[in-house]
Amino acid sequence: MPFIPHTEADVHDMLAVIGAETIDDLFDEIDPRLRNVSLDAIPEGASEQEITRLMRERAGQDEGGLCFIGAGAYEHHIPAAVWEITTRGEFYSAYTPYQPEASQGTLQVVYEYQTMMCGLTGMDVSNASLYDGASALAEAVLMAVRANRKSKSRRVLLPKSVHPFYRQVARNICANQAIDFEVVDFDAEHGTVDRAALDRWAGEDVTALVIPQPNFFGALEDVDALTDWAHDNGALAIGVVNPLSLALLKAPGRWGGGDGADIVVGEGQPLGAPLAGGGPYFGLLCCRKKHVRQMPGRVVGRALDADGCDGYVLTLQPREQHIRRSKATSNICTNQGLLVTAATIHMSLLGPEGLRRTAATCAANTRALVKRLTAIDGVSRVFDGPYFHETVLRLPMAADAALEALAERGVFGGLALADHYDGLNDTVLVCATETKTAGDLDAYAEALAAVLETHAAPA
């Protein structure tokens, strides 16, 4: 219906009922120093034409370069059919299935997505879904505290080898829940969780251990040993994964010598979502069936109707707007439905073999890149050990300066780690996906060699 503004009489009558003289009186609890802030720094309004030109210029800054940055968001080939189908009206404008009467098409997409995610992770149940990988980790921590009833400590072991932004988001979201995050250091030689560092918590009350695979440095953790350590010490095992890597690596549901990880989360962006300047993406979360009542989000199930035909229903929806009310596990109000739709179509088009080939090509390209770059004098790998499709290199000059010089040559060379980790000065996290050709790898190596030669040349 059209918007009908309040008349002056309407406003006067409402204020009279409330007991306020003016609308400003409704906000008198806000400090005047915050209400009367100068807006001089905000530019004057611009026309539609001016805004369009500005945004095109800014978008153009992201074009034309070779991207070797990973660190949680990856440049993958997305078949044209993925977004041609996803942006059809019946998908593009369909809202999330809040209510049981949601369309069968929407529910089936979610059901198929959940089935695929369970297949990738080896877990029993998948939700659909969360905002991103970082908030998914925070939700998994809250879920673990609820699910691990034997633990009273609310202590969660969080390795430094977990993405630094994930760690920050988890702390921010869980800070007021009396959850104690305790840092587990990484081995300086391998870049993986320091098993000796875990000894200080052996036998103590620990609620959960977070296990990244691959970790932020691209290194492969000893997930079997870490999962067994968690269970032996009464803790839940929370896996943080790259879903594409699971096409090659052991599924979290088979980690360790027992039942595998208890909860698995990750960033779904590698499955059909473009980089898009940082989003939107979506977070995946899977768990064991015994923990499903503590899982945020929704679960779609399949049943037979009276005519024997398949029907799709919201089997579980533990949200604050539904029957659980104050006992809801989360106030997540969207399942990032459009991104889940794209991921479902993407996985359907590639299939298991396509995902395996993509993951294998990513791994091979990264090794080929590392071979080229470490052949340059002064460039070396920081950590020794197996990795998936990114790794850390040390440069013979300041990493920030090197990356800036590379960008001027049309190469986005990676992420400098000095701001995130002590002791990793002059280091860069590099990544090569299936989108890179041998010529692209050569171009990076040639550009880096030129930058280092210029840096080494006397002034």
Side-chain angles (χ1 to χ4, degrees), residues 52 55-70 72-96 103 105-117 119-120 128-129 131-133 242-248 266-284 334-366 388-390 410-412 431-441 443:
T52 300
M55 298 311 293
R56 283 176 176 168
E57 289 174 351
R58 292 187 174 177
Q61 295 174 4
D62 293 332
E63 296 177 356
L66 290 173
C67 183
F68 293 90
I69 308 173
Y74 305 96
E75 183 182 31
H76 290 293
H77 171 69
I78 302 172
V82 172
W83 283 94
E84 286 295 326
I85 298 173
T86 302
T87 52
R88 285 177 58 92
E90 56 267 40
F91 290 127
Y92 198 56
S93 60
Y95 208 51
T96 59
S103 75
T106 299
L107 291 174
Q108 183 176 358
V109 168
V110 174
Y111 176 84
E112 302 295 351
Y113 163 81
Q114 292 173 168
T115 302
M116 294 176 188
M117 292 314 305
L120 268 180
S129 58
Y131 293 120
D132 53 31
N242 177 335
L244 180 62
S245 74
L246 298 181
L248 296 178
E267 174 57 66
Q269 181 272 329
L271 302 176
L275 290 174
Y281 301 153
F282 73 94
L284 61 94
T334 177
N335 70 344
Q336 297 295 91
L338 192 66
L339 279 302
V340 161
T341 299
T344 306
I345 297 168
H346 185 82
M347 288 187 286
S348 298
L349 287 173
L350 268 64
E353 180 59 26
L355 289 173
R356 278 193 294 268
R357 289 171 59 185
T358 299
T361 304
C362 290
N365 279 349
T366 302
F388 175 47
H389 72 351
E390 54 196 324
V411 176
F412 304 130
C431 172
T433 66
E434 84 286 2
T435 63
K436 298 298 173 288
T437 65
D440 295 334
L441 306 184

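Below, all heavy atoms of this structure are taken into account, side chains as well, without hydrogens, waters or symmetry copies. Quick note: residue numbers are just sequence positions, from 1.
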Query raised in the report: Are any of the side-chain nitrogens in Glu75 or Lys436 under 4.0 Å away from the carboxylate oxygens of its partner?
Result: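 Yes.
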
Does any non-hydrogen side-chain atom of [Y] lie less than 4.5 Å from one of [X]?
{"X": "His76", "Y": "Leu244", "result": "yes"}
{"X": "Thr106", "Y": "Phe91", "result": "no"}
{"X": "Thr86", "Y": "Tyr92", "result": "no"}
{"X": "Tyr131", "Y": "Pro280", "result": "no"}
{"X": "Leu338", "Y": "Phe282", "result": "no"}

For [X] against [Y], the heavy-atom pair lying closest together:
{"X": "Pro270", "Y": "Tyr74", "result": "CG-CD1, 4.0 Å"}
{"X": "Ile78", "Y": "Ala273", "result": "CD1-C, 3.7 Å"}
{"X": "Ala359", "Y": "Phe388", "result": "O-CE1, 3.7 Å"}
{"X": "Ala443", "Y": "Val411", "result": "O-CG2, 4.5 Å"}
{"X": "Gly133", "Y": "Glu267", "result": "N-OE1, 2.9 Å"}
{"X": "Tyr113", "Y": "Ser129", "result": "OH-CB, 4.3 Å"}

Could you measure the distance from the [atom1] atom of [X] to the [atom2] atom of [Y]? Nearest 0.5 Å is fine.
{"X": "Thr433", "Y": "Ile69", "atom1": "OG1", "atom2": "CD1", "result": "12.0 Å"}
{"X": "Thr115", "Y": "Leu120", "atom1": "OG1", "atom2": "CG", "result": "11.5 Å"}
{"X": "Met116", "Y": "Leu271", "atom1": "CE", "atom2": "CG", "result": "10.5 Å"}

Checking the side chain of [X] only, and the main-chain atoms of [Y] only, is there a donor and an acceptor separated by less than 3.5 Å?
{"X": "Tyr281", "Y": "Leu275", "result": "yes"}
{"X": "Thr366", "Y": "His389", "result": "yes"}
{"X": "Glu390", "Y": "Cys431", "result": "no"}
{"X": "Trp83", "Y": "Pro274", "result": "no"}
{"X": "Glu434", "Y": "His77", "result": "yes"}

Query raised in the report: Do other residues, nucleotides or ligands put more than 12 heavy atoms under 6.0 Å from the CD atom of Glu57?
Result: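 Counting neighbours around CD of Glu57, more than 12 heavy atoms of other residues, nucleotides or ligands fall under 6.0 Å, so yes.
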
Residues 339-355 side chain polar contacts: donor-acceptor under 3.5 Å, at least two apart:
| from | atom 1 | to | atom 2 | distance (Å) |
| --- | --- | --- | --- | --- |
| Thr341 | OG1 | Gly337 | O | 2.8 |
| Thr344 | OG1 | Val340 | O | 2.7 |
| Ser348 | OG | Thr344 | O | 2.7 |
| Glu353 | OE1 | Arg356 | NE | 3.3 |
| Glu353 | OE1 | Arg356 | NH2 | 3.1 |

